[in-house]
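Chain identifiers are assigned alphabetically (A, B, ...) following the order of the sequence lines, protein sequences preceding nucleic acid strands; residue numbering begins at 1 within each chain. These figures come from a predicted structure and were not determined experimentally.
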2 protein chains.
Amino acid sequence: MTDDTNGDLKAPSKVRLIEVAQEAGVSRSAVSLALRGHPSIPKRTHARIQDAARRLGYVYNRGAANLRTASTQTVGVVVHDVTNPYFAEIVAAVQDEMTLHGRVILFGNTQECTTRQAEFIETFREHNVDGLILCPAAGTQADMVADIQRSGVPLVLFSRDLPDADVDYVGSANFEGMQSATAHLIGAGHRRIAMVGGNTDTSTGRDRLAGYRAALGDAGIAEDPDLIVEGPATRDFGMRTIRALTTREPELTACVCFNDVLAFGVMLGLRADNKEAGRDFSVVGFDDIAEATLWRPALTSFGFSRQELGRRVAEMLLRRIAEPNSPPKRIILNFELRSRESVRAR
Amino acid sequence: MTDDTNGDLKAPSKVRLIEVAQEAGVSRSAVSLALRGHPSIPKRTHARIQDAARRLGYVYNRGAANLRTASTQTVGVVVHDVTNPYFAEIVAAVQDEMTLHGRVILFGNTQECTTRQAEFIETFREHNVDGLILCPAAGTQADMVADIQRSGVPLVLFSRDLPDADVDYVGSANFEGMQSATAHLIGAGHRRIAMVGGNTDTSTGRDRLAGYRAALGDAGIAEDPDLIVEGPATRDFGMRTIRALTTREPELTACVCFNDVLAFGVMLGLRADNKEAGRDFSVVGFDDIAEATLWRPALTSFGFSRQELGRRVAEMLLRRIAEPNSPPKRIILNFELRSRESVRAR
DNA sequence: GGATTGCGCTTGATCGATTTACTAGATCGA
DNA sequence: TCGATCTAGTAAATCGATCAAGCGCAATCC
């Protein structure tokens, strides 16, 4: 079997419908219909044809089919960073759902570069994708979305909103989520609460900050600009920030963080000063990444299911492909409290 | 231009070569040749044609072209888990390199399921990919590789080796790497060293375990089966394992981990028992993922560049596509020590 | 008994590009 | 001035499937 003295030595994958037809003693069309399970071909013939196809090692040529049919059964997925587990999880979920519907994914990773993003979209259009799923790179203009829509390619955006675009979108309730997170601390008796990290360059950052402010306002707590520290979402920044803050603000008893990574930094920073989250200070994270459970103390966080988001995105695109002219829809997933050990009532 | 009071109102993407030809006053062939920069079309005509194409918003239809040409300019990439940053980084690197060569990626995530894997490969073949890149799911048989090869589709495997397959492969020196990692601890004065995680289902697991054993042997340290704990590569498993081990084995002063994720779990587990890596216990990770630097204490690990691996995989596939009959090649990348804070000499 | 319908297929056109073979006219060398 | 070569294209065949239209025969209907 591994030696190729002779064997059938089937010519590598050059079997076409017509060869199968000859083998089965029918016409091309009969084979085409049979293989796609058309009812006009009776069972016996169908079996005979399928047998012939198997014998010859026939491989369906979708490229050829696509030339006649409308759909290519492909969709483009463009994200800005698969290396980030948040997006990897979403891509995986989209992939799952699309596979379930027999579609294949053309994948593009833009690395936050709008030029690359435009190239992927262009190439995917040349490949005739049935639709596009996109988390726009920072700096994406709303009119590029309009361009895609005008060209007639179904499009769904996720996670990052584009203010002026009238388009299908699946995202999360950043404002309400951060509002709840802050309210959670207020409910636990805290009054001086810092907001660590995030910035106003993206809708995500703006919305979360606004949620924090709203919660303070609701509770009648005056906002103190000194307690809002914008910055990168890194462990290191969280660590430095909390040490500076607690030194400067002895009354501070809690903080909300733009995301979990910052919260881990905060917890490390506290420990460096011999304080412990959940005992001497309360910390709430955001996004509920996998690590949140495993940390000691386990991090209280607000999160939503990335898997659900991915699934929803896929479903939404399939719907738009089916009904290209239905009005744009928005789905916003809610954050839920995952209460753990890093918060203490006072 | 942005307002569509009337304007050209271009029929969504139904512009074909022939329309461009009419617009430019030449034949279909001339347009085809011009757009691909064929020298027989002079500059002036070329410009006129390109102008016409732009005016009409022509989109190249690769599907149609593929029917005539050999190549589809697509390659399939199948991994078992994008959610794992290790693979995400490789996928991103492969993507980059392929984009550089004008190729697009069909992407499949198998979730370690050989059935899904087979489906992806089948579908990708129907889509006429020029080649396949695969990190085989656990339990993949060597003859499925042989099947793909027989069918004439260029194939490159990475990261996980398939013992009996005679195929292009890019991987890492797992044996030597783990041997160095263990030797590193021995060099720091440790004698009782555990091996946490990994299993013998994959070549990776077997090789790393063998490397650990070899290093012990080289140093004349007797192997203790109680110190070898196989298991899944999760934070949680690392955490539980180290707690059990340190309770049971008071003499234990260090461990090597199958990968960094396990090492993080080990560090968390130590902390849960009021021990600290780098002070009370020494931990060496494996793979050197991005997080290793960010952790406190920063994790000492052995790694190689995933970007390089991805690039090499892509290059190797492109080479095989160009020379389908060249003998299979293997590239093995070496692990390098990234010494940080989680190891302490004694 | 003639018309209609249904079954199980086939024929031939077609999708939108590429490619081979060819040609009208210009240029050139002898 | 004649044949050869070059230039700038064109016409037609082709890739491998799909699909609309149709065909021969038998069964059914009125």
Side-chain angles (χ1 to χ4, degrees), chain A residues 11-50 52-53 56-74 123 125-130 152, chain B residues 11-50 52-53 56-74 102 123 125-130 151-152:
Chain A
S13 189
K14 276 279 107 194
V15 186
R16 295 161 303 161
L17 227 38
I18 195 163
E19 270 92 46
V20 179
Q22 274 155 8
E23 176 85 6
V26 291
S27 73
R28 258 170 19 266
S29 314
V31 179
S32 174
L33 293 168
L35 293 185
R36 283 173 302 146
H38 193 278
S40 90
I41 307 291
K43 268 207 186 99
R44 281 191 36 75
T45 317
H46 184 275
R48 195 154 44 90
I49 290 174
Q50 221 159 28
L56 299 179
Y58 173 74
V59 175
Y60 183 63
N61 185 334
R62 271 174 208 275
N66 292 167
L67 202 49
R68 287 299 322 252
T69 57
S71 158
T72 57
Q73 305 289 6
T74 59
T123 311
R125 285 192 56 201
E126 294 183 354
H127 277 277
N128 260 306
V129 291
D130 294 340
Chain B
S13 191
K14 276 279 109 193
V15 186
R16 294 161 304 160
L17 229 37
I18 195 161
E19 272 91 45
V20 179
Q22 275 155 5
E23 176 85 6
V26 292
S27 72
R28 254 174 18 270
S29 322
V31 179
S32 173
L33 294 168
L35 293 184
R36 283 172 302 143
H38 193 278
S40 92
I41 307 291
K43 265 203 188 105
R44 280 188 39 73
T45 318
H46 183 274
R48 195 154 45 90
I49 290 174
Q50 221 160 28
L56 298 179
Y58 173 73
V59 175
Y60 182 63
N61 185 332
R62 272 173 206 275
N66 292 165
L67 203 48
R68 287 299 322 253
T69 58
S71 157
T72 57
Q73 304 290 5
T74 60
T123 311
R125 283 192 58 201
E126 293 183 354
H127 277 278
N128 259 306
V129 291
D130 294 340
S151 79

K.L.:
Using a cut-off of strictly less than 4.0 Å between a heavy atom of the residue and any atom of DNA chain D, enumerate the qualifying residues of residues 32-45 of chain A by number.
P.N.:
A:Ser32, A:Arg36
K.L.:
Heavy atoms only: give me the nearest B:Glu126-A:Arg62 pair and the separation to one decimal.
P.N.:
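Residues B:Glu126 and A:Arg62, closest heavy atoms: OE1-NH2, 2.7 Å.
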K.L.:
Look at all strands and tell whether A:Arg28 reaches a base, only sugar-phosphate, or nothing, counting heavy atoms closer than 4.0 Å.
P.N.:
base
K.L.:
When the C1' atoms of the five terminal pairs at each end define the local axes, what inter-axis angle does the helix from C:dG1-D:dC30 to C:dA30-D:dT1 show, to 10 degrees?
P.N.:
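Nearest ten degrees gives 50° for this helix.
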K.L.:
Please tell me if A:Tyr58 has a side-chain N or O lying less than 4.0 Å from either OP1 or OP2 of D:dA17.
P.N.:
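The answer is yes; a side-chain N or O of A:Tyr58 sits under 4.0 Å from OP1 or OP2.
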K.L.:
What residues, two or more places apart in sequence or in another chain, satisfy side chain to side chain contact (heavy atoms under 4.5 Å, CB included) together with B:Ile41?
P.N.:
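Partners of B:Ile41 by the side chain to side chain contact (heavy atoms under 4.5 Å, CB included) criterion, ordered by chain and then number, come out as B:Ala30, B:Leu33, B:Ala34, B:Thr45, B:His46.
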K.L.:
Decide side-chain contact (heavy atoms from CB on, under 4.5 Å) for A:Val20 and A:Val15; before the verdict, give the C-alpha distance in whole Å, the side-chain angles of both, and the deciding distance to 0.1 Å.
P.N.:
CA-CA 7 Å; A:Val20 179; A:Val15 186; 4.1 Å; yes
K.L.:
Give, for atom NE2 of B:His127 and atom CG of A:Asn61, the distance between the pair rounded to the nearest 0.5 Å.
P.N.:
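If we round to the nearest 0.5 Å, B:His127:NE2 and A:Asn61:CG are 10.0 Å apart.
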K.L.:
So, OP1 or OP2 of D:dC15: does either fall under 4.0 Å of a side-chain N or O from A:Lys14?
P.N.:
no
K.L.:
Applying side chain to side chain donor-acceptor pair (under 3.5 Å) as the test, list every pair that has at least one member in residues 26-37 of chain B; sequence neighbours left out.
P.N.:
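Every side chain to side chain donor-acceptor pair (under 3.5 Å) pair that includes a residue of residues 26-37 of chain B, provided the two are not neighbours, is B:Ser32-B:Arg36.
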K.L.:
A:Leu67 CG to D:dT14 C1': how many Å, rounded?
P.N.:
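My rounded result for the distance is 12 Å.
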K.L.:
Rounded off to whole Å, could you give me the CG-to-P distance for the B:Leu17 and D:dA12 pair?
P.N.:
17 Å
K.L.:
Just verifying a value: how many Å separate A:Leu56 CG and A:Glu19 CD, rounded to the nearest 0.5 Å?
P.N.:
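That separation rounds to 7.5 Å.
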K.L.:
Give every pair of a protein N or O atom and an N or O atom of nucleotides 20-25 of chain D that lie under 3.5 Å apart, one pair per line with the distance.
P.N.:
none

K.L.:
Among all residues two or more places apart in sequence or in another chain, which pass the salt bridge (charged side-chain N to carboxylate O under 4.0 Å, His left out) test with A:Arg48?
P.N.:
none
K.L.:
Going by the rule side chain to side chain contact (heavy atoms under 4.5 Å, CB included), which residues pair with A:Ala24 if we only count those two or more places apart in sequence or in a different chain?
P.N.:
A:Val26, A:Ile49, A:Ala52
K.L.:
Rounded to whole angstrom units, what separation is found between the CD1 atom of A:Ile18 and the C1' atom of D:dC15?
P.N.:
13 Å
K.L.:
Of all residues at least two apart in sequence or in a different chain, which pass the side-chain hydrogen bond (donor to acceptor under 3.5 Å, both in side chains) check with A:Asp130?
P.N.:
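Only A:Ser71, A:Thr72, A:Arg103 meet the side-chain hydrogen bond (donor to acceptor under 3.5 Å, both in side chains) criterion with A:Asp130.
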K.L.:
Going by side-chain hydrogen bond (donor to acceptor under 3.5 Å, both in side chains), name the residues that satisfy it together with A:Thr69, two or more places apart in sequence or in a different chain.
P.N.:
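So A:Thr69 forms no side-chain hydrogen bond (donor to acceptor under 3.5 Å, both in side chains) with any residue.
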K.L.:
Taking only residues two or more places apart in sequence, or in another chain, which ones meet B:Gln22 in a side-chain hydrogen bond (donor to acceptor under 3.5 Å, both in side chains)?
P.N.:
none
K.L.:
Nearest-nucleotide wise, let me know which of B:Arg68 and A:Arg68 is further upstream toward the 5' end of DNA chain D.
P.N.:
B:Arg68
K.L.:
Measure the distance from CD on A:Gln22 to C1' on D:dG16 and round it to the nearest whole Å.
P.N.:
14 Å
K.L.:
With a 4.0 angstrom cut-off to heavy atoms of chain A, pull out the first and last contacting nucleotide of DNA chain C, in 5'-to-3' order.
P.N.:
C:dG8 to C:dG16
K.L.:
With sequence neighbours excluded, tell me which residues meet side-chain hydrogen bond (donor to acceptor under 3.5 Å, both in side chains) with B:Gln73.
P.N.:
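With neighbours one apart ignored, the set is empty.
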K.L.:
For A:Ser27 and B:Gly63, find the nucleotide of DNA chain C closest to each by heavy atoms; which residue's nucleotide sits nearer the 5' end?
P.N.:
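Counting from the 5' end, the first nearest nucleotide belongs to A:Ser27.
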K.L.:
With side chains defined as the heavy atoms from C-beta onward, is the minimum distance between A:Leu35 and A:Leu17 less than 4.5 Å?
P.N.:
yes
K.L.:
Expressed as a whole number of angstroms, how long is the span from A:Asn61:CG to D:dT14:P?
P.N.:
18 Å
